[in-house]
Amino acid sequence: SVLRIFEERGINLTHIDKRPMKSTSWNYTFFLDAQGHRNDESMQEALGEAAEHCSDFIVLGSYPRSRRIL
């Protein structure tokens with residue numbers, strides 16, 4: 001249900017990683033990489049709603065898109 005929040009706003013998740021929590025069996029920590037900046041309106045909405053579904057929710061970083069053309 002959390003992933004659907006991003007899909008409904010057209011936010012592309014480029015990488016999803018999960019790792020088991022050391023403190024509790026059958027609980028996992030998820031790491032998501034997404035295209036978009038945390039200041040974008042759609043991303044702010046998605047992050048706010050996703051946080052409501054998680055016991056811990058931390059944004060580790062948000063970086064501007066490179067303007068360099070390859």
Side-chain angles (χ1 to χ4, degrees):
S1 61
V2 172
L3 299 180
R4 188 171 295 122
I5 293 167
F6 294 94
E7 179 186 20
E8 290 170 350
R9 288 167 179 78
I11 297 170
N12 186 25
L13 299 177
T14 60
H15 184 83
I16 302 171
D17 189 21
K18 76 172 183 175
R19 299 192 183 155
M21 295 180 71
K22 294 179 182 178
S23 59
T24 334
S25 297
W26 303 107
N27 284 316
Y28 295 88
T29 298
F30 288 85
F31 296 91
L32 307 177
D33 289 342
Q35 289 182 333
H37 194 272
R38 71 185 302 169
N39 292 337
D40 297 341
E41 184 178 347
S42 59
M43 185 64 81
Q44 285 180 351
E45 292 173 1
L47 293 174
E49 189 175 341
E52 295 174 9
H53 296 273
C54 304
S55 58
D56 290 315
F57 189 88
I58 300 167
V59 175
L60 297 176
S62 184
Y63 310 97
R65 181 186 299 255
S66 172
R67 303 217 187 272
R68 182 177 158 195
I69 299 173
L70 300 175

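Since we're looking at a predicted model, the values are computed, not measured.
L3 and V59 end up in the same hydrophobic cluster when Ile, Leu, Val, Met, Phe, Trp and Tyr side chains are linked at under 4.5 Å. By the criterion of side-chain heavy atoms lying less than 4.5 angstrom apart, applied directly or through intervening Ile, Leu, Val, Met, Phe, Trp or Tyr residues, L13 is grouped together with F57 in one hydrophobic cluster.
Hydrophobic cluster of Y63: no remaining members, since no ILVMFWY side chain lies below 4.5 Å from it.
Counting only heavy atoms from C-beta outward, the side chains of D40 and I11 never approach each other to under 4.5 Å. The shortest distance between side-chain heavy atoms of L47 and M43 falls below 4.5 Å.
Judged as a salt bridge (charged side-chain N to carboxylate O under 4.0 Å, His left out), and not counting sequence neighbours, the contacts of E45 are R9.
The heavy-atom pair separating A50 from V2 by the smallest distance is CB-CG1, 3.9 Å.
The distance from the CD atom of Q44 to the NE2 atom of H37 is 10.0 Å, given to the nearest 0.5 Å. How far CG of L32 is from CG of L60: 10.0 Å, rounded to the nearest 0.5 Å. The CE atom of M21 lies 4.5 Å from the OG1 atom of T29; values are rounded to the nearest 0.5 Å. Residue D56 holds its CG atom at 13.5 Å from CZ of F30, rounded to the nearest 0.5 Å.
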